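Remember, predicted model here, so these are calculated numbers, not experimental data. Starting from 1, each residue takes its place in the sequence as its number.
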Amino acid sequence: FRAVAFGDVRNLDVIANVQHDRRRPLARTGGGGLELLDGPERLQIRAELPHTREADDALELVRRRVLRGWSVEFSPREVTQEADLRTIEIAGLSGLGLVDRPAYRGAQVEIRQDGEGLEGRFFYDTDMVISDSDRVRKERIRPGAFTFALEAPDREINLMLGSPERPLASKRAGSLRLRDTPNFLHFAVPRLPRTSYVNDMLALLAGRSVIFGLLPFFLLPPPSIMPNAAAEEPEPGNPGVFRRLILSAVLTGLAVQYRAARGNPGEVLARAEDLETPVGQHWAYSEEGLAVPAPELAPVRKRKRLWL
């Protein structure tokens with residue numbers, strides 16, 4: 001192929017698919033996640049993949065080196081022939097296939113970014129309604145209540161989606177990062193696992209369909225070890241409401257929930273991460289306490305990209 005054989009690629013209608021199968025589309029130019037950058041040395045392809053099973057499967061096959069390159073779908077318009085060498089001078093580009101055996105050795109594919117992260121906060125000294133019955137109960141967790149489990153290296157704390165059957169990250173495994181402050185407990189997951197329930201959660205977050213909340217799971221130490229770990233008292237000015245103060249507890253998990261707790265829902269946000277920057281080396285914190293990329297290492301906010 002001659003340089004710029006496809007002409008001005010900026011306005012072409014091109015669809016990327018899997019194995020040249022039009023029933024398995026991945027992206028499309030014109031706002032469909034596919035970007036073409038033509039130059040004197042190469043045609044560069046950037047595909048931002050959607051939250052679909054086909055795209056997830058394709059990305060996993062690229063990661064395992066089953067799908068290894070791009071293959072162009074084109075119609076030759078001007079060709080020159082010298083001995084056994086055919087040169088495509090001008091051609092029309094109609095599609096791109098992510099394939100297992102690319103016809104040209106230089107048409108390789110690699111993953112530059114993969115997955116999305118998650119972060120959020122649970123607020124201290126904020127009442128949370130835990131029971132609506134004859135006696136309304138509220139619960140308030142004091143700052144520093146979770147210090148023991150947060151600082152103990154052998155204590156596991158899991159982040160989960162609703163219940164332990166849907167894990168998201170682990171403190172001991174290093175995928176869950178926790179930061180305690182006088183006002184809130186902040187968590188950050190640089191890269192979420194690739195599961196169907198994670199994709200569903202990210203789609204709901206992106207569409208603002210659901211407001212997610214954060215609920216801590218914890219155990220109170222036995223009274224013989226710490227008799228003043230918790231205290232219950234009537235709410236000042238409202239004797240029909242009782243408040244339990246948690247002064248010290250063993251944190252075991254954090255649950256991201258579709259239905260946030262009343263009074264203290266916390267907050268959960270999705271964020272993109274750049275795999276080319278080693279995990280843990282570009283976290284900074286805004287004035288509000290949320291993790292933000294350090295300016296000199298700010299990642300491109302894309303979910304998944306395939307590069308040629």
Side-chain angles (χ1 to χ4, degrees), residues 115-130 138-193 198 201 212-232 243-257 260-261 263-271 273 277-294:
E116 282 183 287
L118 201 69
E119 67 173 325
R121 298 186 288 183
F122 177 79
F123 296 95
Y124 295 132
D125 271 341
T126 303
D127 286 340
M128 177 172 53
V129 178
I130 60 174
K138 295 182 179 180
E139 191 167 74
R140 174 177 290 199
I141 298 176
R142 299 303 307 275
F146 299 141
T147 299
F148 170 70
L150 293 173
E151 295 184 352
D154 60 335
R155 282 285 175 175
E156 177 66 293
I157 300 173
N158 295 113
L159 181 70
M160 64 201 81
L161 180 59
S163 66
E165 289 74 28
R166 293 184 169 186
L168 298 175
S170 160
K171 170 177 171 276
R172 291 186 64 184
S175 54
L176 175 62
R177 317 180 72 189
L178 299 163
R179 172 175 172 262
D180 209 16
T181 77
N183 299 316
F184 55 83
L185 172 64
H186 178 270
F187 81 84
V189 181
R191 187 167 41 148
L192 289 165
V198 167
M201 176 187 66
F212 286 88
L214 193 63
L215 183 68
F217 284 18
F218 58 88
L219 301 172
L220 291 176
S224 59
I225 297 177
M226 186 170 291
N228 299 319
E232 189 171 281
R243 176 193 290 138
R244 185 170 74 153
L245 298 177
I246 305 299
L247 306 176
S248 181
V250 180
L251 182 66
T252 60
L254 294 168
V256 176
Q257 297 195 328
N264 186 8
E267 60 185 355
V268 178
L269 305 169
R271 61 177 295 110
E273 283 305 313
T277 302
V279 173
Q281 292 191 12
H282 70 283
W283 287 93
Y285 288 90
S286 66
E287 293 181 358
E288 294 78 18
L290 292 179
V292 296

If you apply the rule side-chain contact (heavy atoms from CB on, under 4.5 Å), what do you find for I141 with F122, and how did you get there? CA-CA 10 Å; I141 298 176; F122 177 79; 3.8 Å; yes
Applying side-chain contact (heavy atoms from CB on, under 4.5 Å) to V268 and M201, what does each step give before you reach the verdict? CA-CA 11 Å; V268 178; M201 176 187 66; 5.8 Å; no
Evaluate V250 against R155 for side-chain contact (heavy atoms from CB on, under 4.5 Å), listing each step before the verdict. CA-CA 9 Å; V250 180; R155 282 285 175 175; 4.0 Å; yes
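The CG atom of L176 sits 8.0 Å away from the CG atom of N158 when rounded to the nearest 0.5 Å. Atoms CG and CG, on L118 and L192 in that order, are 5.5 Å from each other to the nearest 0.5 Å. Atom NZ of residue K138 and atom CG of residue L245 lie 12.5 Å apart, to the nearest 0.5 angstrom. Note that the CD atom of E119 and the CZ atom of F187 stand 7.5 Å from one another [nearest 0.5 Å].
Every side-chain hydrogen bond (donor to acceptor under 3.5 Å, both in side chains) that D180 has, sequence neighbours left out, goes to Y124. Scanning for side chain to side chain contact (heavy atoms under 4.5 Å, CB included) contacts around P222 gives S224, I225, with sequence neighbours left out. A search for side-chain hydrogen bond (donor to acceptor under 3.5 Å, both in side chains) contacts involving S170 returns E156, not counting sequence neighbours.
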For a quick test of your reading: what N or O donor-acceptor pairs under 3.5 Å do the side chains of residues 160-169 make, sequence neighbours left out?
residue, atom, partner, partner atom, Å
S163, OG, E165, OE1, 2.9

Can I get a per-line list of side-chain donor-acceptor pairs under 3.5 Å for residues 213-221, giving both atom names and the distance, sequence neighbours left out?
none

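Ion pairing between a basic and an acidic side chain is recognised when a charged N comes within 4.0 Å of a carboxylate O; E139 and R244 show such pairing.
Within the structure, every pair that satisfies the salt bridge (Lys or Arg N to Asp or Glu O under 4.0 Å) test and touches residues 140-154, not counting sequence neighbours, is listed here: D125-R142, D127-R140.
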